[in-house]
Amino acid sequence: MVYHSYLLLSQGPNLIMDGATTSVQAAHLYNGVDALWKVLFGSHIHVGYYPTTDRSARLADAQEHTIDKIIATAGLTKSGVRQLLDVGCGVGGTSIHIAKKLGCRALGVNISPEQVASANELALQQGLLPSQVRFVVGDALELPQPVGTADVVLSFESACYMPDKRRFVQQLASRVQPGGKLVLVDFCRGADALNEEQAGYLRQMDQLFKTAGDWHSMQEYLDMLREEGLTVTCCEDWSSNIRGFWEANLVELFSVVPETTKQGQLSYALAVIKKLLLTGALVVAGGWPTLKMAGTFLLAMQQRIVGGAFSSGALRYQCVVAKKK
């Protein structure tokens, strides 16, 4: 799940008005949480993948495993991928990881100017030129890129935030070149009709994470992809293999610091203290909505809601790969 606050850290609580569109709200959410989640999670803001029941690997490592799992499942290779289009790219970690691993070009699209700026900065820090990897501001329901832009179009934990999922799929599919692939990885509604308990969990998730509602099952996504002329080549359920930030503990979150600070016990301790203080400052700066977000995490409400959604069958985490003829 993409990790959200509710407003720009640098501006007041009136940024999000009653009746504002989901896209506008999402832009403010991404902007507001950018600095906070970079401190806590680094360059990846998505779930971690665990191939077995062993959950001892750090969440940060498991998050990179998720990207590698996407690459393997979609059959992406150095010789087969020239241009990646990452729609809803977060702070750029996924695009950068794929570009470096496959040697391809990558273009990321994000509705948040703050996260786009962070992503471009991260790419430069990783030694990647704008001609190799770059990020631009854009609305996923009105993509600025021309039709047939990329041989791989990726939507990674973005669809659940889209108020018009059919249009979203149409936008993705139209940007895939003939012979290219569309990869969609996301939280989906369970296949069966929801009972009131299950529907209640999804409503709570919408309230907490600002997802758009109108949750779709994977079958609905499959049907829409086929309607766009794509052939589904792979569909997998990863629900039992993922772990998200809502399950991370505070020791894990705050003990992960840059390698350069681990040269001695004192420098490591100071780095942890700095991370604690900076996190607290960012939460306070975000105002009541960010405090509320932090509070629901500390009180394990997020774990209860998301865990309940999965255990009740209301929510699944799935991956689909489709090819354009």
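These numbers were taken from a predicted model, which means no experiment stands behind them.
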Might you point out which heavy atoms bring [X] and [Y] nearest each other, and give the distance in Å?
X    : Y    : answer
L124 : P130 : CD2-CD, 4.2 Å
T52  : R55  : O-NH1, 2.5 Å
N241 : P51  : ND2-O, 3.6 Å

Open item on the list: Just to verify, what does F135 make a ring-ring contact (aromatic ring centres under 6.0 Å, His included) with, not counting sequence neighbours?
Closed with: none
- [ ] Identify, with sequence neighbours excluded, every residue that meets ring-ring contact (aromatic ring centres under 6.0 Å, His included) alongside Y49.
- [x] W238
Task: Step-by-step side chain to side chain donor-acceptor pair (under 3.5 Å) determination, R105 to Q83 - done: CA-CA 5 Å; R105 297 187 305 275; Q83 178 67 57; 3.1 Å; yes
Reported [atom1]-to-[atom2] distance for the pair [X] and [Y], which is rounded to 0.5 angstrom:
X    : Y    : atom1 : atom2 : value
Q219 : M224 : CD    : CE    : 10.5 Å
R175 : L107 : CZ    : CG    : 11.5 Å
R243 : T66  : CZ    : OG1   : 11.5 Å
L202 : I305 : CG    : CD1   : 11.0 Å
E228 : D223 : CD    : CG    : 12.0 Å
S174 : Q170 : OG    : CD    : 8.5 Å

Which donor-acceptor pairs under 3.5 Å do the side chains of residues 181-190 make with protein atoms, sequence neighbours left out?
residue, atom, partner, partner atom, Å
K181, NZ, A74, O, 2.6
D186, OD2, S158, N, 2.9
D186, OD2, A159, N, 2.6
D186, OD2, C160, N, 3.4
R189, NE, W215, O, 3.2
R189, NH1, D192, O, 3.4
R189, NH2, E220, OE1, 2.9

Would a 4.5 Å heavy-atom cut-off, applied to side chains only, mark [X] and [Y] as touching?
X    : Y    : answer
C234 : T73  : yes
Q204 : M301 : no
T77  : L102 : no

Open item on the list: For a ring-ring contact (aromatic ring centres under 6.0 Å, His included) check, start with the C-alpha distance between H46 and F156, then their side-chain angles and the critical distance, and finish with the verdict.
Closed with: CA-CA 8 Å; H46 53 76; F156 186 13; 4.6 Å; yes
Donor-acceptor pair, [X] side chain versus [Y] backbone, under 3.5 Å?
X    : Y    : result
E157 : V47  : yes
Y221 : H216 : no
K324 : V176 : yes

Task: Residues in salt bridge (Lys or Arg N to Asp or Glu O under 4.0 Å) contact with R304, at least two apart in sequence or another chain - done: none
TODO: Return the set of residues passing salt bridge (Lys or Arg N to Asp or Glu O under 4.0 Å) with D61 (not counting sequence neighbours), or none when no residue passes.
DONE: R58
Transitively linked via ILVMFWY side-chain contacts under 4.5 Å: [X] with [Y]?
X    : Y    : answer
L230 : V232 : yes
L141 : V169 : yes
Y317 : Y201 : no
L194 : M205 : yes
M218 : L172 : yes

Determine all donor-acceptor pairs shorter than 3.5 Å in which one atom belongs to a side chain in residues 88-100; sequence neighbours excluded.
residue, atom, partner, partner atom, Å
S95, OG, D86, OD2, 2.7
H97, NE2, D68, OD1, 2.8
K100, NZ, Q126, OE1, 2.7

- [ ] Using side-chain hydrogen bond (donor to acceptor under 3.5 Å, both in side chains) as the criterion, list what pairs up with R203, not counting sequence neighbours.
- [x] E196
Task: Those residues that, when tested against R167, pass side-chain hydrogen bond (donor to acceptor under 3.5 Å, both in side chains) (two or more places apart) - done: E142
Task: N110 vs S112, side chain to side chain donor-acceptor pair (under 3.5 Å): CA-CA, chis, key distance, verdict - done: CA-CA 5 Å; N110 192 327; S112 162; 4.7 Å; no
Open item on the list: If only side-chain N and O atoms count, and only distance matters, is there a donor-acceptor pair under 3.5 Å linking S56 with D54?
Closed with: yes
- [ ] Please assess L85 against L154 for the test side-chain contact (heavy atoms from CB on, under 4.5 Å), listing each intermediate value before the final yes or no.
- [x] CA-CA 6 Å; L85 176 62; L154 173 65; over 6 Å; no
Who pairs with [X] by side chain to side chain contact (heavy atoms under 4.5 Å, CB included), at least two apart in sequence or on another chain?
X    : value
A140 : V87, M162, F168
R82  : D151, Q177
T233 : V321, K323

Open item on the list: Regarding E236 and K69, does a basic nitrogen lie under 4.0 Å from an acidic carboxylate oxygen?
Closed with: yes
- [ ] Would you mind listing every salt bridge (charged side-chain N to carboxylate O under 4.0 Å, His left out) that reaches into residues 115-137, with sequence neighbours excluded?
- [x] none
